[in-house]
Engineer: 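My structure is below; once you've seen it, I'll send some questions.
Residue numbers begin at 1 in each chain, while the letters A, B, ... track the order of the sequences. Below, each value reflects all heavy atoms present in this structure, side chains not excepted, and no hydrogens, waters or symmetry copies.
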Amino acid sequence: MNEKLQFQLRAQISQMDSISTAPAILMPLLEMLRLPSDRISLEKVVELISYDGAIAAQCLRLANSPLFGRRQTETVRAAVMALGLERVRSMLFGLCVNRVMPQDKWVIPPDAFWRHSLGCALVTQRMANKIEYPEPEKAYLAGLLHDLGFLVNSVLYTDGFRECLRLAAEQHLALHVVEEQVLGFSHCDAGQMLCEHWGLSKELVDAARCHHDVCLLPKAGPLACLVHLSDLLCRVRYLGYGYEEFMGVDLGGDAAWQALVRSYPALEHMDLVRFTFDIDGAMDQIVATVDAVFGAKTMTAPASG
Amino acid sequence: MAIEIAKAKPVAPPDSTPVDPAYLKIRDLIYRISGIYYSEEKHYLLKSRCERRMAALRVTSAPEYFEHLTIRGNRDAELRLLLNEITIGETYMFRHPAQLEALRNVILPSILQAKGLISLKRLRFWCAGCSTGEEPHTLAMFLLEEKDKLLAGWSFEILATDLNDNSLEAARAGIYGEYALRNTSDAMRRKYFKDVGNQKLQGNDLLKAPIRFERINLSDDSKMLFQKGMDVIFCCNVLIYFDLASKRRVVQHFYSNLLPGGYLFLGNAESLFQVDDSFRLVHFAGVTAYLKPTAALAGGGKK
């Protein structure tokens with residue numbers, strides 16, 4: 001990406017009305033997501049949700065939906081208990097993104113975006129656990145946020161980005177490759193800038209920036225590598241951007257894998273086949289979770305809830 | 001207050017009763033011996049397969065059945081019976097559409113591109129352990145359908161081998177009933193089969209032309225040495241019956257039989273972990289395969 005374009009994009013991001021200021025709930029939410037589940041306090045979550053009427057309503061509605069047995073849940077606390085932390089935090093993230101993303105600007109179908117983001121978050125976390133990465137929750141977060149650049153492209157370059165998606169789907173190509181050709185930059189660049197603009201940590205910024213090319217950084221951090229591999233795995237396992245890419249993925253031969261092996265020698269002896277069988281088995285689960293949390297009914301305007 | 005709801009019950013499987021740990025042991029045993037793996041979400045399948053064997057043995061608990069598989073005198077025979085149970089009903093036409101999709105979308109285009117540089121435009125496929133012939137016939141239909149598209153200007157042949165004479169005879173005859181044809185469209189049936197009465201269809205000459213049937217024992221080193229120049233080898237649910245040493249030998253043969261850039265397909269849940277590390281594991285949509293790297297890849301990609 002050339003310097004002029006970089007400068008221009010950065011300026012545009014800071015002027016984007018919807019995106020320039022992160023929703024008030026986002027920062028405390030991201031703080032919370034960084035913690036291991038057993039260190040998150042229920043009170044904190046309830047407090048966070050209660051700040052925001054629309055989100056609280058959404059929580060209650062989901063907890064009272066047939067999916068959860070139509071319990072008569074009347075407090076945010078009871079709703080959070082009924083839904084479980086996993087679902088609550090995915091939902092919070094979804095609602096945050098929906099705040100910054102005007103409904104008519106979606107280019108990638110929203111359900112594909114949610115499935116891919118959440119799928120990637122869960123796979124990244126599983127992989128992190130597998131290699132005994134010390135902060136698996138942070139890995140989850142990095143997976144969840146890695147494609148935020150799509151929001152920027154959808155809002156600022158709606159037509160161009162729509163053309164990218166059309167070309168990529170038609171020719172079964174990787175979207176970032178087409179973005180580079182058509183727009184001159186990819187969602188990785190845009191994601192990096194948005195994450196920087198929102199003041200996210202350097203590791204998260206790097207994961208967003210390098211998840212398609214870990215060689216961009218002289219020393220790719222493990223987080224970027226994990227996200228890169230999970231992203232590949234999700235895309236080759238029907239959790240991509242809503243179309244099929246024609247590709248074969250050799251995880252073990254990937255530069256990110258080799259970088260990880262250097263830091264985590266245990267990986268070299270890992271049974272990659274068994275791991276991917278496990279991930280395959282979990283994919284249905286991931287899709288079910290995403291549909292439960294972001295399903296069409298729950299994603300419509302919270303005001304009606 | 002620490003939150004204790006983090007492990008809330010998952011949404012998907014309605015029946016989420018905890019799995020008997022003995023099944024986990026059986027799962028690991030099967031994986032270690034045969035290479036077939038059941039992920040957590042597939043436990044119900046494993047359970048139902050075991051239960052059929054348990055009923056036959058009048059065994060009532062999973063731990064007791066685990067003993068039958070590990071310490072009782074008949075353990076080898078029992079393990080074989082369980083593996084039979086696991087692979088039962090595995091064979092019908094178009095059983096693995098994801099394999100064919102991977103061939104069409106990724107594998108064949110890359111092989112054609114590499115081989116297109118030399119003048120001999122011929123592809124060789126091998127179904128090793130073809131049983132009653134569903135797999136080679138499926139492959140033949142698939143390739144014949146691509147003849148004027150992807151494979152325009154190319155010729156191809158399929159070697160279909162098995163150890164069992166009865167299976168081979170059935171495969172050669174190519175007569176199939178409704179079960180084997182359940183995934184075969186009417187158009188395909190009309191084009192590649194003829195009605196032989198009794199609600200059976202038999203493959204016609206068009207379908208049989210590219211297939212050569214032969215009896216080969218995969219453990220017969222002298223015969224294995226002569227199957228060179230393969231582009232893609234299919235060997236589904238065959239190696240699961242081999243012990244580790246024989247498995248290694250067969251897989252090494254496959255490796256040298258394949259051309260660089262060629263692929264080996266195993267059964268859907270089969271793994272080569274700790275059997276071989278010359279192949280590269282490659283993921284495609286809905287299926288995995290093993291690649292024999294080209295010289296350039298082999299240098300860079302090896303661990």
Engineer: Would a 4.5 Å heavy-atom cut-off, applied to side chains only, mark Leu291(B) and Asp250(A) as touching?
Structural biologist: no

Engineer: Applying salt bridge (charged side-chain N to carboxylate O under 4.0 Å, His left out) as the test, list every pair that has at least one member in residues 97-107 of chain B; sequence neighbours left out.
Structural biologist: Glu101(B)-Arg104(B), Arg104(B)-Glu146(B)

Engineer: Flag the one option from Val236(A), Val273(A), Asp278(A), Asp271(A) with the top tally of heavy-atom pairs under 4.5 Å to chain B.
Structural biologist: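 Maximum pair count with chain B is reached by Asp271(A).
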
Engineer: Which residues from residues 134-141 of chain A are near chain B, with near meaning under 4.5 Å between non-hydrogen atoms?
Structural biologist: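 The list, in residue order, is empty: none.
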
Engineer: Answer with side chain, backbone, both or neither: which region of Phe277(A) has an atom nearer than 4.5 Å to a non-hydrogen atom of chain B?
Structural biologist: both

Engineer: Identify each donor-acceptor pair in which a side-chain atom of residues 106-115 of chain B lies under 3.5 Å from a protein atom, sequence neighbours left out, and give them as a table.
Structural biologist:
residue: Ser110(B); atom: OG; partner: Ile107(B); partner atom: O; Å: 3.1
residue: Lys115(B); atom: NZ; partner: Arg122(B); partner atom: O; Å: 2.8
residue: Lys115(B); atom: NZ; partner: Asp231(B); partner atom: OD1; Å: 3.0
residue: Lys115(B); atom: NZ; partner: Asp231(B); partner atom: OD2; Å: 2.8

Engineer: What's the separation between atom NE2 in His283(B) and atom CG in Leu251(A), rounded to the nearest 0.5 Å?
Structural biologist: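 Rounded to the nearest 0.5 Å, the NE2-CG separation comes to 4.5 Å.
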
Engineer: Sort His172(A) into side chain, backbone, both or neither according to what part of it lies under 4.5 angstrom from a heavy atom of chain B.
Structural biologist: neither

Engineer: Would you please go through residues 27-40 of chain B and name the residues with a non-hydrogen atom below 4.5 Å from one of chain A, in numerical order?
Structural biologist: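 Residues of residues 27-40 of chain B touching chain A at under 4.5 Å: Arg27(B), Asp28(B), Tyr31(B), Tyr37(B), Ser39(B), Glu40(B).
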
Engineer: Quick one: which of Val88(A), Thr276(A), Asp280(A), Ile279(A) has the most heavy-atom pairs under 4.5 Å with chain B, could you say?
Structural biologist: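 Looking at each of Val88(A), Thr276(A), Asp280(A), Ile279(A) in turn, Thr276(A) comes out on top.
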
Engineer: Report which part of Tyr263(B) has an atom under 4.5 Å of a heavy atom belonging to chain A: side chain, backbone, both, or neither.
Structural biologist: neither

Engineer: Less than 4.5 Å to any heavy atom of chain A: does that hold for the side chain of Glu270(B), its backbone, both, or neither?
Structural biologist: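 The backbone, not the side chain.
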
Engineer: Within the supplied structure, the quantity of interest is the number of heavy atoms (other residues, nucleotides, ligands) at a distance under 6.0 Å from Asp243(B) CG; does it exceed 12?
Structural biologist: yes

